[in-house]
Structure formats: C-alpha cells, structure tokens
Amino acid sequence: MLTQNEMMQTIDMIDNQHLDVRTITMGISIRDCAAEDVQVCADRVYDKVTRQAEHLVRTGEDIEKEYGIPIVNKRISVTPVAIVGDSCRTDSFVPIARALDRAAATCGVNFVGGFSALVQKGCTKGDLTLINSIPQALAETELVCASVNVGSTRAGINMDAVRRMGQVIKETAELTKDRGGFGCAKLVVFSNAVEDNPFMAGAFHGVSEPECVINVGVSGPGVVYHALKDLGPDAPFDLVAETIKKTAFKVTRMGQLVAQEASRRLNVPFGIVDLSLAPTPAVGDSVARILEAMGLETCGTHGTTAALALLNDAVKKGGVMASGHVGGLSGAFIPVSEDEGMIAAAQSGVLQLDKLEAMTCVCSVGLDMIAVPGDTTAETLSAIIADEAAIGMVNNKTTAVRLIPAPGKTVGDIVEFGGLLGTAPVMPVHGESSAAFIARGGRIPAPLHSLRN
C-alpha cells in the first residue's frame, strides 16, 4: 500500500518531473491472415488489426483522464510480416506495409511495428522478400516501423544479412532524403530481439505470444534525475543504487496499474511492463543528465559506462519487485537524438561513436538514433551492425542499431526529425574501410556459452 506521502510524490513526479507511461502497445497475431495473393493477405491484415485495436486509443485516453496519468503513445505490434508473407507468391511485401499504415491511421495510433524478419541463422523466401521491401515500404508509409534480427547468442551472426542491412539502410536513406533520411529512424537491426517489446521502432508480436496482448512501456528519466539531485553529490554508490531502485519501483507500479486497467477494459490479456527509462528531447527528461548527476562533468567522459551499468541494474532490481510480469527490454535507453543531454554531449565532441558502443554493453539496447555522414558506405554501416550484434551475442543481451546516414550532411551538421525523434547531430565514423571484412559473408558461429543444454 502507498502512504499519503508517496501518493503526493507520485503526483509531483507527473506534474513536474516528466513521469509518464510512454506507450500502451497492443500486440496482435496476424498469422491467420496468410494467403497466396499478397493483396488478399494485406486486406486480411487491415481487417484484423482495425477490428482488434478499434478501441485502443479511446481506452488509453479514458485511463489518462480518470487517473491523471499521461499516456504519450498508443501503438500496435504485429507478427513479423516475413512469417505471414512466406505464403504469398510475390516479390514485394509493400502492399502489406501499406495496409498496416492504413490500419494504424484508422485506429489513430502513433506507430505500428512488425514489418520484421528473424534471420539470425538463415533466410526464407519471405525473409528475403521482406528485407528487400523495407526501403520502399518505409518511404511510402508514415506509421510503419521495420526491424530485422541478424544475430543471437544461440545462433551466431548471419553476416550475409548484416551485409544486406547496410545496403538497405543506405537505400532507405536515399528514398527518404527529402526528410533527412527519416525512413531510417523507423528501422532497427537487432541481435537477440525480444518478442514482447512495446517500444518502437523495434516492436513486433512474437510467435510465442497469445492471439492479442497488452504491453506497457513506462518512462521516468526525469524522476530518477530529481531523486539523485535531492540525494546530493557526496552520497556513496550504495545509496545511489538504493535510491534508483526505490524510484524505479514507484514508476513501475504506475505502469502496472495502467497495464492492468487497459487489459481489463479491452478484454485482452495483460502481457508485460517494460520499465525502460526512455528519454525525450525535453530538458529534464534525459538519461545523460542522470549519469552526470552521479558526478560526471559530461556524459561520455571516463566513468560513463560504469555509471550506466549501475543505473541499468538498479532500475531492473527496483522494477522487478513492482510487477510480476516485467519484460521487453527494461533498463535504460541511450538514443542520441531523443535525449537532450546526449545531444549536448555529442555536439561538444565528448560523446563519440566508440564510447557509445562501449555503453551498449550495459544499456538496454544499443546504438540508437545516431546520425552519421550521408556518404558513409554501406559496408561501414554493416560493420557497425556487426560490432553491435557481437556485443549482444557474446553478452547474451539484446543489442540494436538504428543509424541514419543523413543525405547531404556531414560531421557537425544537424538533422531535425521533430517530436519524440528529436534532433540528431551528425557524428563521425572511422574512415578506414571494412569492405573486405563484410564481403566474406557466411555466419559468425555462436559462442561456446551458447551450449547450455
């Protein structure tokens, strides 16, 4: 039970510290929408998604009004389209992407995820068709998000898929160059992707999930930041960790309340609460500023990885006590363009791509929302993906890459996406070639510790 003082603290968190539920995401299975004709499949997908998610947005808005809890996004995720599309006799899944986009618009949601393929060990015809369809699909739609899982601890890394994804990112940037390469902001390349992630752009409804489910993603970087500022600069790390744990507990309890209420009203099973700290470009809602509150002059300097490791671990420990079903990614995100403090650190030159890569060893996901020069080669993009996939594979954790090779931009330029996607300073990459490395193809074998049976 919460005390009156704790209730007042939670109200203050909402009013003054950017506490919110970042998303209610409805996962929908579309496996029964398969058909040989791709347009028939697309029509079935549209009909099912709009039927299942018809009341999602209104329900979220009602909960917001009744409980006074901001719910920033309402979203949908579907079964990886490559699985459903395997039955289609076609060389393009763009009609399915268009159907998903129309369904998302009809339901009034912010994004729909699941234009996805899982190819960590190899590709089917449907997987290849989906991957080849990504650039056009993301260029022709506004709300569709895509993801491809190229590696896992159990399977290793599919380097043929890694090579192709570097090319796909370049093609997507070119087709959306009038918007700064915006299509790439809706494309994630994963290692060890999870099936119940409610956050975009990497959300999809896994094959082991039920017919329909409600997952909730909470957020509270501002709350953690204020708690550490109140703690003072001399507190030992034991107390810092304990403070973060208690704060994460309160944040997750709020998410649990919203998730259960949405589940009850929609008559859909409750899945998980993802307790990730997801920043925004708003001042005071930054993961970077939390790390600086621990004593770092600027995020990215020496000590940043240790501070992030403490933060990620304490968030998980506090959140897991507040909900019986914690899942998704859960921890701390470090998307550069979506975090005011990360933007400032990158612009100052302190936060570089190599340091961000080191930080991904201990964060929730990986190299997220990073703009690089528009002339960055596809092979270099593939090599960055390979590095991140290796970190995920060896450390048995989810890692991901969301890179934007900004057309016509160079180091020091700014790419504006607006809204939650924020502002991306173009960061330098190494000029030395990785082309011969990427050209080898094949599969990097799984590590020894994958043999757990």
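Under the 3.5 Å distance criterion, the side-chain polar atoms of Thr23 are left unmatched by any main-chain donor or acceptor of Lys74. With Asp127 contributing its side chain and Ala82 its backbone, the two residues share no donor-acceptor pair below 3.5 Å. Listed for the Asp160 side chain is a donor-acceptor partner under 3.5 Å among the backbone atoms of Gly442. Listed for the Arg443 side chain is a donor-acceptor partner under 3.5 Å among the backbone atoms of Ala155. Asp339 contributes a side-chain N or O that, together with a main-chain N or O of Gly341, makes up a donor-acceptor pair within less than 3.5 Å. Side-chain atoms of Ser116 never come within 3.5 Å of backbone atoms of Gly113 as a donor-acceptor pair (strictly under, hydrogens ignored). Counting only distance, with no hydrogens or angles, the side chain of Ser276 and the backbone of Ala278 share no donor-acceptor pair below 3.5 Å. Side-chain atoms of Glu36 do not come within 3.5 Å of backbone N or O of Arg89 as any donor-acceptor pair. Lys48 places a side-chain N or O within donor-acceptor distance of the main-chain N or O of Ser29, the cut-off being under 3.5 Å. Remark: side-chain polar atoms of Arg402 are not paired, donor with acceptor, to backbone N or O of Leu367 under 3.5 angstrom.
Scanning all heavy atoms of the two residues, the minimum distance from Cys184 to Ile404 falls at CB-CG1, 3.9 Å. The minimum heavy-atom distance linking Val251 with Ser219 is given by the pair CG1-O, 4.1 Å. Smallest separation of non-hydrogen atoms from Asn158 and Lys121: ND2-C, 4.3 Å. Nearest heavy atoms, Val287 versus Leu277: CG2-O, 3.9 Å. Scanning both residues, Ala193 and Asn149, for their nearest heavy atoms gives N-OD1, 2.9 Å. Ala97 and Val144 get closest at one heavy-atom pair: O-CG2, 3.4 Å.
Side chains of Asp196 and His205: no donor on one and acceptor on the other come within 3.5 Å. Side-chain N/O atoms of Thr25 and Asn215 include no donor and acceptor closer than 3.5 Å. Looking only at atom types and distance, the side chain of Thr305 has a donor-acceptor partner in the side chain of Lys355 under 3.5 Å away. Side chains of Asp62 and Thr59: no donor on one and acceptor on the other come within 3.5 Å.
Expressed to the nearest 0.5 Å, how far OG1 of Thr360 lies from CG of Asp368 amounts to 11.0 Å. One finds the CD1 atom of Ile169 at 11.5 Å from the OG1 atom of Thr380 (value rounded to the nearest 0.5 Å). With rounding to the nearest 0.5 Å, the separation of SG in Cys145 from CG in Leu138 is 8.0 Å. Atom CD1 of Ile343 sits about 5.0 Å away from atom OG1 of Thr423, to the nearest 0.5 Å. Interatomic distance, CG of Leu143 versus CG of Leu100, reported as 10.0 Å (0.5 Å rounding). Atom-to-atom distance recorded for His430:NE2 and Ile384:CD1 is 9.0 Å, nearest 0.5 angstrom.
No side-chain heavy atom of Thr129 sits under 4.5 Å from any side-chain heavy atom of Ile131. Residues Met359 and Thr304 form a side-chain contact, since some pair of their non-hydrogen atoms from C-beta on lies under 4.5 Å apart. The closest side-chain heavy-atom distance from Arg98 to Val94 is below 4.5 Å. For the pair Lys316/Val320, no side-chain contact is recorded, criterion being any heavy-atom separation below 4.5 Å from C-beta on. Side-chain contact check for Val162 versus Met165: every heavy-atom pair is 4.5 Å or farther apart. A heavy-atom distance below 4.5 Å is found between the side chains of Val21 and Val216. In this structure, Pro198 and Ile272 have side chains that are in contact, with non-hydrogen atoms separated by less than 4.5 Å. At a threshold of 4.5 Å between non-hydrogen side-chain atoms, the residues Leu187 and Ser147 do not count as touching.
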**OP:** Give the intermediate values and the outcome of side-chain contact (heavy atoms from CB on, under 4.5 Å) for residues Val365 and Phe333.
**Re:** CA-CA 6 Å; Val365 191; Phe333 293 163; 3.5 Å; yes
Subject >> Verdict with supporting geometry, Met342 and Leu351, side-chain contact (heavy atoms from CB on, under 4.5 Å) >> reply: CA-CA 8 Å; Met342 295 285 177; Leu351 187 62; 3.6 Å; yes
Subject >> Full working for side-chain contact (heavy atoms from CB on, under 4.5 Å) between Leu451 and Arg154 >> reply: CA-CA 8 Å; Leu451 304 176; Arg154 295 303 298 263; 6.0 Å; no
**OP:** Show your reasoning for whether side-chain contact (heavy atoms from CB on, under 4.5 Å) applies to Arg75 and Met200.
**Re:** CA-CA 9 Å; Arg75 296 164 171 170; Met200 298 297 169; 3.7 Å; yes
Original post:
Can you check side-chain hydrogen bond (donor to acceptor under 3.5 Å, both in side chains) on Asn192 and Ser152, steps first, answer last?
Top reply: CA-CA 5 Å; Asn192 287 322; Ser152 73; 4.5 Å; no
Subject >> Verdict with reasoning, Glu292 to Arg289, per salt bridge (charged side-chain N to carboxylate O under 4.0 Å, His left out) >> reply: CA-CA 5 Å; Glu292 291 169 358; Arg289 299 305 185 195; 2.7 Å; yes
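The number of heavy-atom neighbours closer than 6.0 Å to NZ of Lys125, taken from other residues, nucleotides and ligands shown, is above 12. Atom NE2 of His449 has more than 12 heavy atoms from other residues, nucleotides or ligands within 6.0 Å.
For Arg22 and Asp274, the salt-bridge test fails: no basic side-chain N is under 4.0 Å from an acidic carboxylate O. Using a 4.0 Å cut-off between charged nitrogen and carboxylate oxygen, Glu171 and Arg164 count as a salt-bridge pair. At a threshold of 4.0 Å, the pair Arg44-Asp47 does not count as salt-bridged, since none of the basic side-chain nitrogens sits closer than that to a carboxylate oxygen. Ion pair Arg31/Glu211 not flagged as a salt bridge, since none of the NZ, NE, NH1 or NH2 atoms sits closer than 4.0 Å to an Asp/Glu carboxylate oxygen.
Checked against Val426 for a side-chain contact (heavy atoms from CB on, under 4.5 Å), the options Thr410, Val415, Ile414 give a single hit: Val415. A salt bridge (charged side-chain N to carboxylate O under 4.0 Å, His left out) with Arg179 is found for one member of Glu174, Glu142, Glu416 and no other, namely Glu142.
Annotation: cation-pi geometry satisfied between Arg102 and Tyr46 (NZ/CZ under 6.0 angstrom from ring centroid, within 45° of ring axis).
Residues Phe115 and Phe204 keep their aromatic ring centres 6.0 Å or farther apart.
Ring pair His325/Phe270 is perpendicular by interplanar angle, where above 60° counts as perpendicular and below 30° as parallel.
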